[in-house]
Number of protein chains: 2
Amino acid sequence: MFSKETYINRRNELKNKINNGIVLITGNNDAPMNYKSNTYHFRQDSTFLYFFGIDLQNLAGVIDIDNNEEILFGDDYTIDDIIWMGPQTSLKDKAAGAGIEKTRPFAELFEYIRDAAAKKRTIHFTPPYRGENIMLLADLLNIHHREVEKNASLELTKACIDLRSIKEPCEIEEMERHMSTAWEMHTTAMRMARPGISEQEITGAIEGVSMSGGGMVSFPVICSVRGETLHNHYHGNTLKEGDLLLTDAGSESPLHYATDHTRTTPVSGKFTETQRQVYQIVLDANNKAREATRPGVPYRDVHLLACKVIASGLKELGLMKGDPDEAVNAGAHALFMPHGLGHMIGLDVHDMEDYDDTLVGYDDEIKRSSQFGLAALRLGRRLQPGFTITNEPGIYFIPALIDNWKAENKFPQFLNYEKIEAFKGFGGIRLEDDILVTGDGCRILGERIPITIEEVEAIAGKGAVK
Amino acid sequence: MFSKETYINRRNELKNKINNGIVLITGNNDAPMNYKSNTYHFRQDSTFLYFFGIDLQNLAGVIDIDNNEEILFGDDYTIDDIIWMGPQTSLKDKAAGAGIEKTRPFAELFEYIRDAAAKKRTIHFTPPYRGENIMLLADLLNIHHREVEKNASLELTKACIDLRSIKEPCEIEEMERHMSTAWEMHTTAMRMARPGISEQEITGAIEGVSMSGGGMVSFPVICSVRGETLHNHYHGNTLKEGDLLLTDAGSESPLHYATDHTRTTPVSGKFTETQRQVYQIVLDANNKAREATRPGVPYRDVHLLACKVIASGLKELGLMKGDPDEAVNAGAHALFMPHGLGHMIGLDVHDMEDYDDTLVGYDDEIKRSSQFGLAALRLGRRLQPGFTITNEPGIYFIPALIDNWKAENKFPQFLNYEKIEAFKGFGGIRLEDDILVTGDGCRILGERIPITIEEVEAIAGKGAVK
Ligand SMILES: [Mn+2]
Ligand SMILES: [Mn+2]
């Protein structure tokens, strides 16, 4: 946990932003895999972590705005719990660590909320995403489980986004400290990439590196020679000469801050001439995007800049034609880069996505586009110092999408389908860094994972260290 | 998947056991970690795997007993799904692989169940354990989510237990094939155990071995120098000279059959004299239990035999006194072994525990005891050829439990508290194998993981291979 003052301050800031009522923040419980007591690695709710910091099951925090009162609801452990799970801290001590004085048994939360509801007080909660918490809220509020989501508080959600968007120094420190695990994961994958090894073996190894570094992976690992499939969780392929291995993976720090990087490695150890050309375009897009990243600039504009670098590069390769700016404005480049340049990152890899990603990434000034490709951009609004974001341009050759567009003859003025056809087996390249927006620009968090063609070729397939 | 005949046969067997109505088997969906689209590794429901075999999200299978009809409800993939997740098999083809001809869109399941309910037909389902499926069943049956569990079908549950208790040759083959991954996980942990390394690093490494071997861990890894905490998922300790590292870990095979083994390794590479004595008692209990394991014998009796070996051994060490048989009948040994000797293992590490572990492990003849220790035994009924079970005796020195019993002066005729007091920092030892009940006895599945004192000392701390 951070210092108790950190949590006290955050709750005070929240109180300043909410007019009245009660803020109810339910923690997560263990999530069953195949039966109730066989559970996944516990992952606490991020909103609960942000305001209460306690990384344990079966808790709920209440912030009474009107009476300036804070209560932690939970239960102390029994002797049976101690036999099976070891000695436990008391609820009182847990609460004190977060600067909370009042604790009550979990069961009393029902009466507490019923009383508040009877007095017509507003009960604020953010949109729940786990079935168990949806049912808990339904029971607490005495409404049908399908009615829960629409009763979530927009006022609370917006207040949380305001606070969590700007990372505090202690958060940046925690994130930066954990970047060494991200570095280790990715260089391990790069070193292991060689013909004959399976995607599954590399995936297992880097999940192990993440666990050894302190926490579980921050999202399901993407580690595939079919990099053109954007969220490929299939790891059944064996790497072969000429393949490109795309690894998009991250780790949770001990306090559950995420890392999220992508690297693309030539399985043969050296890029082919064509791979080298496409790789360099993606790397240029990444670097130019970072150079344009500074406070006050809408990230949508940085996204469009990266897309234009890609369109220009693909024009040079003969895959696109016409004016690159016009091509990007029309959305023709999205055949090759159908996703956004990046997203906020923090306690969640797509930070605060449980709240609503349009509320997180857009505002009254910058609205989300509905254009294919640009619509997938999660962060469009103006950058501020303290934002932590990803920068992840890519170029993909997705056979199904190419067939689709070609059949519809989409953007014939910008796309050279005949040439594109020849790239159908190419796969995909994505290069992703985590960056911090500073007072006058930005910087990469942690030591940069090898990314230039020379750096990548220097370690590709060189074998795991130790 | 197994052959489609396997699934057809299983469903036919099930039809023979259910009188009438509709069997509804809901598959699992992706389980959210910290927001809806950031999910844990997908784990299909075991009942669905058993009868339909399809390892994918958002499916439900229906077996209409009265009309001998089988339908798979699910949806085909869209072009967006293909961009993000790659080319997908059609629902028709998935169904065909399980020997099912009829498929319908998932949304039609609501109408289908509503019709059946209107006709007062029985809708059989096993007890759900995931929030999302509880809410789905509530919506399908138009009942409150708190009413779902009590409407589960005892008839279906018992029929599933009957079928799944006896493993088919293809299941035994699959389990046995995956035992090499279990062997690799445990020998890796034993080799890594040395002063100065963290529990977390070993845990990460063996989770990586599991993933590389084809699947996720079959339950949260226990890897702790505080082995006396039975389900210790804390991995924050650093190993030091004289510690015992208890590792209880398993892996899921590609078809989701579990392994579950425990080994206990001396961190210094050699056991101390006292550790050696206690270790040998546990190993004797394990071996004697296995020698007594054969068809027709209640596993409760094998459990009690193992407990008596432990009580005799501890008497020789001066920790217990009086007649070991009487001590075990009274339950005095449970201070040291408060858990059961074993459980069924198969598609679940505690096989079929979602159904109800007393229904799985007991019957009209052998009833579950309420005595502390024996009550925790999951499998008590008579063994049959084809059962796959665990054999996992242990001896633990749990400070909180010792304090508790001593304060109450429990079993002074059998327990020598003064001597026990000196063992408070000892920790715990457990030795667990997976075994198959054969026609006339039993055998260990796979090559036995090093277990004798000589075998363990030969590899303890020798460093990970490769
Ligand atoms: Mn990302
Ligand atoms: Mn076990």
Side-chain angles (χ1 to χ4, degrees), chain A residues 28 31-43 45-46 79 82-87 129-135 138-139 145-146 198 200-201 203-214 218-220 226 229-234 338 347-350 353-354 398 400-401 404, chain B residues 28 31-43 45-46 79 82-87 129-135 138-139 145-146 198 200-201 203-214 218-220 226 229-234 338 347-350 353-354 398 400-401 404:
Chain A
N28 281 339
M33 285 196 295
N34 48 342
Y35 52 90
K36 266 183 199 142
S37 73
N38 199 34
T39 58
Y40 287 105
H41 288 295
F42 175 63
R43 177 50 160 86
D45 174 70
S46 298
I79 175 75
I82 291 166
I83 294 173
W84 290 89
M85 304 188 301
Y129 48 89
R130 285 195 181 186
E132 287 71 13
N133 272 340
I134 294 170
M135 289 189 290
D139 291 346
H145 61 258
R146 263 172 290 163
S198 71
Q200 186 67 39
E201 186 167 346
T203 300
I206 65 178
E207 291 214 4
V209 172
S210 176
M211 284 293 299
S212 299
S218 47
F219 57 93
R226 298 268 53 87
T229 298
L230 302 181
H231 279 177
N232 199 342
H233 301 144
Y234 175 76
L347 278 167
D348 310 298
V349 59
H350 293 165
E353 187 162 306
D354 55 327
I398 307 167
L401 192 60
N404 230 305
Chain B
N28 281 339
M33 286 197 295
N34 47 342
Y35 53 89
K36 266 181 199 145
S37 73
N38 199 33
T39 58
Y40 288 106
H41 288 295
F42 175 63
R43 177 51 160 84
D45 174 71
S46 297
I79 175 74
I82 292 166
I83 292 173
W84 291 89
M85 306 188 298
Y129 48 90
R130 287 198 181 182
E132 287 72 13
N133 272 340
I134 294 170
M135 290 190 292
D139 291 345
H145 62 257
R146 264 173 290 164
S198 71
Q200 186 68 40
E201 187 168 346
T203 300
I206 65 179
E207 291 215 7
V209 173
S210 176
M211 283 293 298
S212 298
S218 49
F219 56 95
R226 298 267 53 86
T229 299
L230 302 180
H231 278 177
N232 200 340
H233 300 145
Y234 175 76
L347 278 167
D348 310 297
V349 59
H350 293 165
E353 189 164 302
D354 55 325
I398 307 167
L401 191 62
N404 228 306

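So you know, we letter chains A, B, ... as the sequences are listed, proteins then strands, and number each from 1.
The line from OH of A:Tyr129 to CE of B:Met33 is 10.0 Å long, rounded to the nearest 0.5 Å. Going from atom NZ of B:Lys36 over to atom CZ of A:Arg130 covers 13.0 Å, rounded to the nearest 0.5 Å.
The ring pair (Phe, Tyr, Trp, His ring centres under 6.0 Å) test applied to B:His41 returns no partner, not counting sequence neighbours. Listed by chain and number, the residues in a side-chain hydrogen bond (donor to acceptor under 3.5 Å, both in side chains) with A:Asp139 are B:His145, B:Arg146 (sequence neighbours excluded).
Taking every heavy atom of both residues into account, A:Glu207 and B:Met211 meet most closely at OE2-CE, 3.9 Å. Closest heavy-atom contact between A:Ser212 and B:Ala205: OG-N, 3.9 Å. Between A:Glu353 and B:Ser37 the shortest heavy-atom distance is OE2-OG, 2.9 Å.
Using a 4.5 Å cut-off between heavy atoms, B:Asn38 contacts chain A through its side chain alone, with no backbone atom that close. With a threshold of 4.5 angstrom between heavy atoms, B:Ser218 approaches chain A through N, CA, C or O but not through any side-chain atom. At a 4.5 Å heavy-atom cutoff, the contact between A:Asn28 and chain B is made by side-chain atoms alone. Only the side chain of A:Asn404 comes within less than 4.5 Å of a heavy atom of chain B; its backbone N, CA, C and O stay farther away. For A:Ile206, no part sits under 4.5 Å from any heavy atom of chain B, backbone or side chain.
Most heavy-atom pairs under 4.5 Å with chain A, from the set B:Asn34, B:Asp45, B:Asp354: that is B:Asn34. Comparing A:Ile398, A:Thr203, A:Val349 by how many heavy-atom pairs each has under 4.5 Å with chain B, the most go to A:Val349.
Side chain of A:Gln200 to main chain of B:Gly213: no donor-acceptor pair is present (N/O by atom type, distance under 3.5 Å, no hydrogens or angles). In this structure a side-chain-to-backbone donor-acceptor pair under 3.5 Å is missing from B:Tyr40 to A:Ala31.
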